[in-house]
Undergrad: 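Starting off with a structure, shown below.
As a basis for the values below, the full set of heavy atoms in this structure was taken, side chains included, without hydrogen atoms, waters or symmetry mates.
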Amino acid sequence: MTTALRPEPDATRQPYVYRRRPLEEPDWRRLPGWRDVTTPEWESAQWQRAHCVKNIRQLRRVMGDLLGESFYADLERDQAARATMSMLVTPQMLNTMDVSSTEAFHADPVRRYMIPVLSDRRTDWPSHPYATRDSLHEAEMWAVEGLTHRYPTKVLAELLPTCPQYCGHCTRMDLVGNSTPAVDKHKFTVKAPDRHEAMLDYLRRTPGVRDVVVSGGDVANLPWPRLESFVDALLDIDNIRDIRLATKALMGLPQHWLQDEVRAGMERLAAKAHERGAQIAVHTHVNAAASLTPLVARAARAMLDTGIRDVRNQGVLLRGVNATPDALLDLSFALLDEAGILPYYLYMCDMIPHSEHWRVAVWEAQELQHAIMGYLPGFATPRIVCDVPYVGKRWVHQLADYDRERGISYWTKNYRTGLEAADPDALTRRYEYYDPIHTLPEAGRTWWRTSSTAA
């Protein structure tokens, strides 16, 4: 018996070609406002926080003559009319954007969601008719202020309403950050120490909860002793087995997570979790491969070295940022190979106001999930999920029905939230999610124009 020999596969004939790309830290001194910044200054969390770009004046100061006046005018118009988040960009994040020309900066994927301009947004449907400020209805499901109990065994603890950086597409734009001309933000009414204690008390009284996502805002904005104290108290609750710390700042402000105080404190928490048989993981939020630099990799590995279980990435699927197979695979391989971060979830952008230019249709998300399969290890292939209002995360192929013409997908669930404790139909009802109207065929667009006019 002979074995047929096959020729070596030609990698260039594959839809995607893997090439390892070592990370690089762009030279911040190419930016006129930071020409004299030293490496110790750049690697200081305090310096980074003090030099965040918060307005157009500060952006001009950093950029010098690199950007044309048309960009600043575009940005000013957006901040006056459409922006749901105030401007806040760390030097670390701004440094990863392409500043070689005004056109390159405008096209940059990180710029597109961190510094949105009015020309980015759609003029036909800037917001979907069913867009809402709290698109996931998290506040409706608060067990106590800031503690969302949506899933049977899991809760979300929003410890604070601020971040080191503000993403234009933020799903919590109704609560997080400063008010903008377009959005008057809601505020917590209970003082933080009392809110945190009420959360802990609820968890002590609710043995069915085993998993707590500690978020906000971003936990990197909470003074470390207060965050450590809260997580330490969680570890004293017998039923809590998983704790996930949510921080985009692992990428946007890695300098914070490299501080001695933070690393030592995380080691203490990891040791206590290990003693109890509980798990701690850090969840970060990277949307583009360009955001990953050696400093980000150092921060991720520093957290892993403390003994926590994992560092995972929860990105958001955004048109113009990462909604192509190549962009998603480049991001996933950079996370996995160069930073030791596990590609975990890619959320479809939520239905908040003024977000239609970012959102993709369910069918587009399904095609993207198909396109990235088979390249990454199974454990590191991110799942693309739709966070369906009143339902929760669902893989994009889990829908029960789909009206492609009108862009309405229908979803079911297998548990009740606190809102539905006495609802006999909660597990049989179909919940709706809506594609961006501009992705629909003409008949569907016409139907929505007619329906919206009638409404």
Side-chain angles (χ1 to χ4, degrees), residues 45-46 48-50 52 54 84-90 92-93 114 133-136 138-150 154-180 183-203 211-235 240 243-257 259 261-262 265-266 269 280-285 299 303 314 350 352:
Q46 183 178 0
Q48 288 278 328
R49 289 184 188 272
C52 284
K54 302 175 183 177
T84 60
M85 299 298 292
S86 56
M87 188 174 176
L88 182 61
V89 188
T90 61
Q92 177 73 27
M93 287 199 74
M114 288 304 302
R133 291 168 51 121
D134 182 7
S135 63
L136 302 180
E138 290 178 336
E140 293 179 44
M141 302 180 201
W142 281 351
V144 299
E145 189 176 67
L147 188 74
T148 300
H149 194 169
R150 175 164 53 167
K154 301 182 284 186
V155 297
L156 165 71
E158 298 172 73
L159 296 191
L160 73 170
T162 65
C163 302
Q165 66 286 301
Y166 291 136
C167 312
H169 65 274
C170 181
T171 189
R172 298 194 184 109
M173 47 74 57
D174 66 318
L175 178 71
V176 171
N178 304 313
S179 293
T180 71
V183 182
D184 187 21
K185 302 296 176 101
H186 295 154
K187 303 293 183 184
F188 286 130
T189 60
V190 180
K191 292 182 178 180
D194 296 332
R195 274 194 303 105
H196 298 174
E197 187 52 44
M199 293 176 184
L200 294 167
D201 184 60
Y202 177 80
L203 294 171
D211 183 347
V212 182
V213 177
V214 184
S215 184
D218 190 313
V219 296
N221 262 21
L222 198 65
W224 178 260
R226 288 169 59 189
L227 178 60
E228 182 175 355
S229 175
F230 184 84
V231 176
D232 187 77
L234 286 177
L235 289 169
I240 303 304
I243 299 170
R244 295 178 269 171
L245 305 181
T247 173
K248 186 187 184 75
L250 188 76
M251 175 274 289
L253 187 64
Q255 295 86 348
H256 170 81
W257 296 98
Q259 294 178 108
E261 177 190 34
V262 174
M266 193 67 86
L269 292 174
I280 296 177
V282 169
H283 282 201
T284 193
H285 174 188
M303 290 299 98
Q314 297 188 150
D350 291 319
I352 58 169

Undergrad: Could you check whether any side-chain heavy atom of M173 comes within less than 4.5 Å of a side-chain heavy atom of Y166, counting everything from C-beta outward?
TA: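 M173 does not reach Y166 side chain to side chain.
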Undergrad: Quick one: are V155 and T148 in side-chain contact, heavy atoms under 4.5 Å?
TA: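 Sidechains of T148 and V155: no contact.
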Undergrad: Does any non-hydrogen side-chain atom of M303 lie less than 4.5 Å from one of L250?
TA: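 Side-chain contact under 4.5 Å: yes.
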Undergrad: If you compare all heavy atoms of S135 against all heavy atoms of D350, which two are closest, and at what distance to 0.1 Å?
TA: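 It is OG-CB, 3.4 Å.
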Undergrad: May I ask you to test the D218-L160 pair for a side-chain heavy-atom distance under 4.5 Å?
TA: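 D218 does not reach L160 side chain to side chain.
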Undergrad: Might you work through the side-chain contact (heavy atoms from CB on, under 4.5 Å) test for C52 and V89, ending with a clear yes or no?
TA: CA-CA 6 Å; C52 284; V89 188; over 6 Å; no
Undergrad: With rounding to the nearest 0.5 Å, note down the distance linking CG in N221 to CD in Q165.
TA: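 It is 8.0 Å, given to the nearest 0.5 Å.
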Undergrad: Report the distance from atom OG of S179 to atom CE of M85, rounding to the nearest 0.5 Å.
TA: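 Going from OG on S179 over to CE on M85, the span is 10.5 Å.
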Undergrad: Only one of V183, T84, I352 passes side-chain contact (heavy atoms from CB on, under 4.5 Å) with R133; say which it is.
TA: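 Of V183, T84, I352, side-chain contact (heavy atoms from CB on, under 4.5 Å) with R133 is met by V183 alone.
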Undergrad: Quick one: does any side-chain atom of R195 pair with a main-chain N or O of V190 as donor and acceptor, under 3.5 Å?
TA: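 The answer is yes, because a donor-acceptor pair under 3.5 Å joins these two groups.
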Undergrad: Measure across M114 and L88 and return the closest heavy-atom pair with its distance rounded to 0.1 Å.
TA: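 Answer, listing the atom of M114 first, then L88: CE-O, 3.8 Å.
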Undergrad: Can you tell me how far the CH2 atom of W257 sits from the CG atom of L245, to the nearest 0.5 Å?
TA: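 Between atom CH2 of W257 and atom CG of L245 there are 6.0 Å.
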Undergrad: Please name the pair of heavy atoms, one in G146 and one in F188, separated by the smallest distance, quoted to 0.1 Å.
TA: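 Scanning both residues, the minimum pair turns out to be CA-CE2, 3.9 Å.
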Undergrad: Measure the NE2-CG distance between H196 and D194 for me, rounded to the nearest 0.5 Å.
TA: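 Answer for the NE2-CG pair, H196 versus D194, is 10.0 Å.
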Undergrad: NZ of K187: more than 12 outside heavy atoms within 6.0 angstrom?
TA: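 For K187, atom NZ is crowded (more than 12 foreign heavy atoms under 6.0 Å).
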Undergrad: Check whether Q48 reaches the backbone of Q92 with its side chain - one donor and one acceptor, N or O, closer than 3.5 Å.
TA: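 Here the side-chain-to-backbone pair exists.
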Undergrad: How close do T247 and A220 get, counting heavy atoms only, and between which atoms?
TA: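 Of all heavy-atom pairs spanning T247 and A220, the closest is OG1-CB, 3.8 Å.
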Undergrad: Set out, in order, the CA-CA distance, both residues' side-chain angles and the distance that settles side-chain contact (heavy atoms from CB on, under 4.5 Å) for S215 and R172, then state yes or no.
TA: CA-CA 11 Å; S215 184; R172 298 194 184 109; 3.5 Å; yes
Undergrad: Check step by step if side-chain contact (heavy atoms from CB on, under 4.5 Å) holds for M199 and L159.
TA: CA-CA 9 Å; M199 293 176 184; L159 296 191; 3.8 Å; yes
Undergrad: In Å and rounded to the nearest 0.5 Å, what is the CG to CD1 distance from L235 to I243?
TA: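 Interatomic distance, L235 CG to I243 CD1, rounded to 0.5 Å: 4.0 Å.
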Undergrad: Is there side-chain contact between W142 and L147, with heavy atoms separated by less than 4.5 Å?
TA: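 Heavy-atom side-chain distance check fails, nothing below 4.5 Å.
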Undergrad: Determine whether R49 and H256 make a side-chain contact, defined as any pair of heavy atoms from C-beta on separated by less than 4.5 Å.
TA: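 A side-chain contact under 4.5 Å exists here.
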Undergrad: Does any N or O in the side chain of N178 come within less than 3.5 Å of the main-chain N or O of S86, such that one atom is a donor and the other an acceptor?
TA: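 Flag not set: sc N178 to bb S86 has no pair under 3.5 Å.
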Undergrad: Taking all heavy atoms of A246 and all of V213, pick out the closest pair and write down the distance.
TA: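 It is CB-CG1, 4.5 Å.
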Undergrad: Judged by atom type as modelled, is there a donor-acceptor pair below 3.5 Å linking the side chain of D134 to the main-chain atoms of A139?
TA: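 Yes.
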Undergrad: Determine whether a donor-acceptor pair (N or O, by modelled atom type, separation under 3.5 Å) exists between the side chain of Q255 and the backbone of Q46.
TA: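 No.
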Undergrad: For R150 and M141, indicate whether the former's side chain and the latter's backbone hold a donor-acceptor pair under 3.5 Å.
TA: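 No.
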Undergrad: About how many Å separate CG of L269 and CG of D232, when rounded to the nearest 0.5 Å?
TA: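 Going from CG on D232 over to CG on L269, the span is 6.0 Å.
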Undergrad: Between L156 and E138, does the side-chain contact (heavy atoms from CB on, under 4.5 Å) criterion hold? Intermediate values first, please.
TA: CA-CA 9 Å; L156 165 71; E138 290 178 336; 3.6 Å; yes
Undergrad: Under 4.0 Å between a side-chain nitrogen and a carboxylate oxygen: does that hold for D174 and K185?
TA: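 Salt bridge flag = no for K185 with D174.
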Undergrad: Do H285 and Q314 have side chains that approach each other closer than 4.5 Å (heavy atoms only, starting at C-beta)?
TA: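 The answer is no, as the side chains (C-beta and beyond) never meet within the 4.5 Å cut-off.
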Undergrad: Taking the side chain as everything from C-beta on, heavy atoms only, tell me whether W224 gets closer than 4.5 Å to M266.
TA: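 A side-chain contact under 4.5 Å exists here.
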Undergrad: Minimum heavy-atom separation for L253 and P164, please, with both atom names.
TA: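 Scanning both residues, the minimum pair turns out to be CD2-CB, 4.1 Å.
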